[in-house]
Amino acid sequence: MPRSRSFYVLAAFFGAFVLFLYGPVITIGILSFQGPRGGLTFPMNGVSLHWFFDLFEEQAVGDFWAAFRRSLTLGAMVMVTTVVVSVMGGLAFRQRFAGSAALFYLVIASLVIPSILVSLGVGLVFNVLDWEVHWATSGFGSQLTWTLPFGLLIMFAVFNRFDGAYEEAARDCGASWWQTLRFVVLPLIAPSLIGVALFGFTLSYDEFARTLLTSGSYNTLPLEIFGMTTNVTTPVLYALGTVTTLFSLLVIAVFLVAARLQRRRLLAQASSGSAQS
Amino acid sequence: MAAPHLELVNVSKQYADTPAVRGVNLGVNEGAYVCILGPSGCGKSTLLRMVAGHETVSDGDIVLAGQNITTLNPAQRGTAMMFQSYALFPHLSVRDNVAFPLRMRGVDQADRLTQADDMLERVQLGSLSNRFPAQLSGGQQQRVALARAMITTPRVLLLDEPLSALDPFLRVQIRSELRQLQRDLGITFVHVTHSQDEALALADQVVVMNDGEIQQSSTAFDVFNKPRSEFVAKFIGGHNVLSLGDRRVSIRSDRMSISRQARDGLFATVVDIEFQGASVLVKSQLDDDVDAVVVQLSDERFFDQPLVVGESVCLMWREEDAHTLAA
């Protein structure tokens, strides 16, 4: 059957969308291989790995390795906190309790409030209380206003689909509340937790607005890159962009592999017949 | 007479302002196979879940083997429940599923796995103990659920619609396996179902429920032959309920006969004829009644003198087959 005309129109539209989505990343990727004498724009002046090597040299402006380490640490902190608090929150919201609706809206409101206002507010509060603004305290807190509601919403979806009969069966088998959580609920929602963790990490890793006024004297990586765009005039910036993009993809790959290994471990256990203790 | 093994005393369940179970009194003997039968929403599952401890009791007491278990938690009661969906833990192997209750009780690994393997042998699943639930058929999953429920040797096994997830062919087969296993183990079974066939085929004691109350509790034979109320007669099926003078009676469809020559009986018009294989159902309409009367004739009798739709007939029965219902 010949394809209808709408197919071609929609396919062209979709193609344009994909190009819009990935074009900039691909452009930066290409330009990061600029020759040693090349500039920030096309045409390419030769092809080299010069700017990647330059990344490891000391820069006149900015220190992105230190910024990268900070972002990595902060991402890990946000990730762990998001997973733990979202699971606990998700469990709490399975029952209606006094004020549960109000609390829910309060949590979600922080997604609606413009990020830069959250940043400003947190910075102000620290100022008023005469606390030092630092990425690991105020920055950490304001990033959580972003990741926790997302994590909680994911857990809502997870627990909505969760069959309560598993828990009743566990209780019937003599499991305590804690044993039910440890041996039944958590293993069953583990794949979703990997998703929440990945989400928490990546939201933190490229967070900009909320961190802008709360990171203090030391920049996270996105802030550092932004600072450099106004000062650095060489393609080293593009090389950095390419490397951080690859790093993000690597993180995702690690999580996917972890999820796959987890499943394979289960199956291997099944075939070898070794019992899990 | 000895006190019943399991006794419900005036047990009620109230949800907000709607009662789900109203003052149920029931005694179950040790080793009996009991079916609680009723339409959906009649409170039968709620009743079972109260016995299991998964639902709080609003009022009344539940006594098992002389101990009041009304407020105990599920594991302390000496009951075990088999869930409608089986609720097998998908991340654990069959063996680990069956060993799970022992693991929760702190039985060491070697011991609990030996016991789990023994139990799996009993339900003929020894060869599948390393599989995961998703790799089993419905019938196999059901037996794993049974094994998991039985491993702690409960005083009473509670089964919530255990056969409803199976296809009709398998249902009949598993049904007889269930009865066989119950006989072998000698454990009291309380089985909730909405299927009349299932209840009649399995139960020593059939408890018919409607609207949160017990309508009748007796042997399967008595429920079928001496239904106490109009509801029971209609729900159990195979009965016609008729008004004779000032009394309501139920008559089994297969105990009625049809004659063309008008004599002593009820006059009716044939409205539908349904071939069932070994028998034929003839539906006819009385002049003064809304419900159609169904007569079940053996195929021989029907095809000896076949009836056609629209024919005027006379319905007859023997007086001893007309069972008077409670008002």
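Here the structure is a predicted model, which is why all the values come from computation and not from measurement.
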*Asks:* For the candidates B:Pro74, B:Ala75, B:Ala87, which exhibits the highest count of non-hydrogen atom pairs separated by less than 4.5 Å from chain A?
*Replies:*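 Sorted descending by pairs with chain A, the first entry is B:Ala87.
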
*Asks:* Of all the heavy-atom pairs spanning A:Ala169 and B:Phe83, show the shortest one and how long it is.
*Replies:*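 Smallest heavy-atom distance, with atoms named: CA-CE1, 3.4 Å.
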
*Asks:* So if I take each residue of residues 69-95 of chain A and look for any heavy atom under 4.5 Å from a heavy atom in chain B, which residues do I end up with?
*Replies:* none

*Asks:* Tell me, which pairs form a salt bridge (Lys or Arg N to Asp or Glu O under 4.0 Å) where one or both residues lie in residues 77-87 of chain A, sequence neighbours left out?
*Replies:* none

*Asks:* Would you say that more than 12 heavy atoms from the other residues, nucleotides or ligands in this model lie under 6.0 Å from the OH of A:Tyr22, or not?
*Replies:* no

*Asks:* Pick one of side chain, backbone, both or neither for B:Ile151, based on which atoms fall under 4.5 Å of a heavy atom in chain A.
*Replies:* neither

*Asks:* So for A:Ala190, is it side chain, backbone, both, or neither that comes closer than 4.5 Å to the heavy atoms of chain B?
*Replies:* neither

*Asks:* Enumerate by number any residue of residues 137-148 of chain A whose heavy atoms lie under 4.5 Å from heavy atoms of chain B; in the absence of such residues, state 'none'.
*Replies:* none

*Asks:* Between B:Arg77 and A:Asp172 (side chain of the first, backbone of the second, donor and acceptor by atom type, cut-off under 3.5 Å), is there such a pair?
*Replies:* no

*Asks:* Which pairs with one or both residues in residues 145-154 of chain B pass salt bridge (Lys or Arg N to Asp or Glu O under 4.0 Å), sequence neighbours excluded?
*Replies:* none

*Asks:* If you define the side chain from C-beta out and look only at heavy atoms, does anything of A:Glu168 sit under 4.5 Å from B:Met81?
*Replies:*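 With C-beta onward as the side chain, the pair stays apart.
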
*Asks:* Is it the case that over 12 heavy atoms from other parts of the model lie below 6.0 angstrom from the CZ atom of A:Phe97?
*Replies:* yes

*Asks:* Would a distance-only check, ignoring hydrogens and angles, find a side-chain to backbone donor-acceptor pair under 3.5 Å from B:His91 to A:Phe183?
*Replies:*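 Checked: pair present.
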
*Asks:* If the plane angle is over 60° it's perpendicular, under 30° parallel, otherwise tilted; pick one for B:Phe89 and A:Tyr166.
*Replies:*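 Judged by the thresholds at 30° and 60°, the geometry between B:Phe89 and A:Tyr166 is tilted.
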
*Asks:* Is B:Thr152 in contact with chain A via its backbone, its side chain, both, or neither, using a 4.5 Å heavy-atom distance?
*Replies:*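 Neither part; nothing is under 4.5 Å.
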
*Asks:* In this structure, are over 12 heavy atoms from other groups packed under 6.0 Å from B:Arg179 atom CZ?
*Replies:*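 For B:Arg179, atom CZ is crowded (more than 12 foreign heavy atoms under 6.0 Å).
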
*Asks:* For each of B:His54, B:Arg49, B:Arg105, tally heavy-atom pairs with chain A at distances under 4.5 Å, and name the one with the top tally.
*Replies:*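 Of the options given, most contacts go to B:His54.
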
*Asks:* Could you tell me the separation between the OG atom of A:Ser176 and the CE atom of B:Met104, rounded to the nearest 0.5 Å?
*Replies:*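 Answer rounded to 0.5 Å: 8.0 Å.
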
